[in-house]
Amino acid sequence: MDIQEILRPVTSLLPAAWDETARMLVVGLAGALILVLAVVLVARLAGGRGAKGPLAAEGAVTGALSDGPAMVMLAQVASGPARAPDLDPDEWVSGNVIHLDRQRAVGLIRCDRVKSPVQFRLAPGRAHVRVGQKVRFKGRHGARRRPVADVVERAG
């Protein structure tokens, strides 16, 4: 069978003034467009998110802008979403104890500087802090790794 015979019901819907080559070209382009849209739909439904790269025309835009506030805003947009800054391990940070698990000898601290709760180990023997108590801590905590406090003591 010939492809033109298979697609004759579809090409008959196109204007009669067009020749057979133009009709086949339009049907082929429409089929390719439908295929691309189906692949995009399947990718969206599968939850695949591509990496968000910098702006495509960033080079063209940066040449036209000066070093003013617009340039700073463009740099912030191009760098992606804002993340919590890495905190210095020697810096004391304050927060409130929100959870204590005496069986596992761990606790959690909520603080404004770190997005997720900071985990800490309870002292052997007894807990020196209570839930709701304000504490200060320092340790390994940052934007991309699980925050852990090495030293915890009561604030104030």
Side-chain angles (χ1 to χ4, degrees), residues 3 6-7 9-10 13-14 24-156:
I3 190 75
I6 295 172
L7 295 176
V10 177
L13 298 174
L14 296 173
M24 291 302 292
L25 181 65
V26 168
V27 169
L29 289 175
L33 180 65
I34 290 171
L35 181 66
V36 168
L37 290 175
V39 168
V40 168
L41 180 66
V42 168
R44 277 288 184 187
L45 292 176
R49 291 178 157 191
K52 304 285 184 190
L55 295 175
E58 182 182 355
V61 174
T62 55
L65 295 175
S66 64
D67 290 337
M71 189 65 170
V72 172
M73 288 174 46
L74 179 65
Q76 289 173 349
V77 168
S79 68
R83 288 180 275 163
D86 282 337
L87 299 174
D88 184 16
D90 296 327
E91 177 185 7
W92 286 99
V93 182
S94 63
N96 292 329
V97 177
I98 58 170
H99 176 74
L100 289 176
D101 187 352
R102 297 187 194 289
Q103 299 295 330
R104 295 184 184 157
V106 296
L108 296 176
I109 302 170
R110 169 70 66 197
C111 112
D112 295 337
R113 299 271 309 269
V114 184
K115 185 177 181 180
S116 59
V118 179
Q119 183 177 353
F120 68 97
R121 291 239 170 247
L122 294 173
R126 64 179 178 88
H128 61 280
V129 293
R130 288 188 227 140
V131 174
Q133 190 174 22
K134 190 162 186 72
V135 295
R136 64 184 201 141
F137 64 94
K138 63 181 178 178
R140 303 177 313 266
H141 40 280
R144 291 196 163 257
R145 58 190 181 271
R146 168 171 243 131
V148 177
D150 292 329
V151 179
V152 177
E153 59 184 44
R154 290 183 212 164

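Computed from heavy atoms alone, side chains included, the values below leave out hydrogens, waters and symmetry copies. Since the model is a prediction, treat every value here as computed from it, not as a measurement.
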Any Phe120 side-chain heavy atom under 4.5 Å of Val129 side chain: yes

Would you check if Glu91 and Lys138 make a side-chain contact, meaning some heavy-atom pair closer than 4.5 Å? no

If you draw a 6.0 Å radius around CG in Asp112, do more than 12 non-hydrogen atoms from other residues or ligands fall strictly inside? no

If you take all heavy atoms of [X] and [Y], which pair is closest and at what distance?
X: Gly107; Y: Leu100; result: CA-CD2, 4.1 Å
X: Leu7; Y: Met24; result: CD1-CE, 3.6 Å
X: Gly132; Y: Asn96; result: O-OD1, 4.5 Å
X: Phe137; Y: Gly95; result: CE2-N, 4.5 Å
X: Arg110; Y: Ile98; result: CB-CG2, 3.6 Å
X: Pro117; Y: Pro147; result: O-CG, 3.4 Å

If you round to the nearest 0.5 Å, how far is CZ of Arg121 from CD of Gln119? 6.5 Å

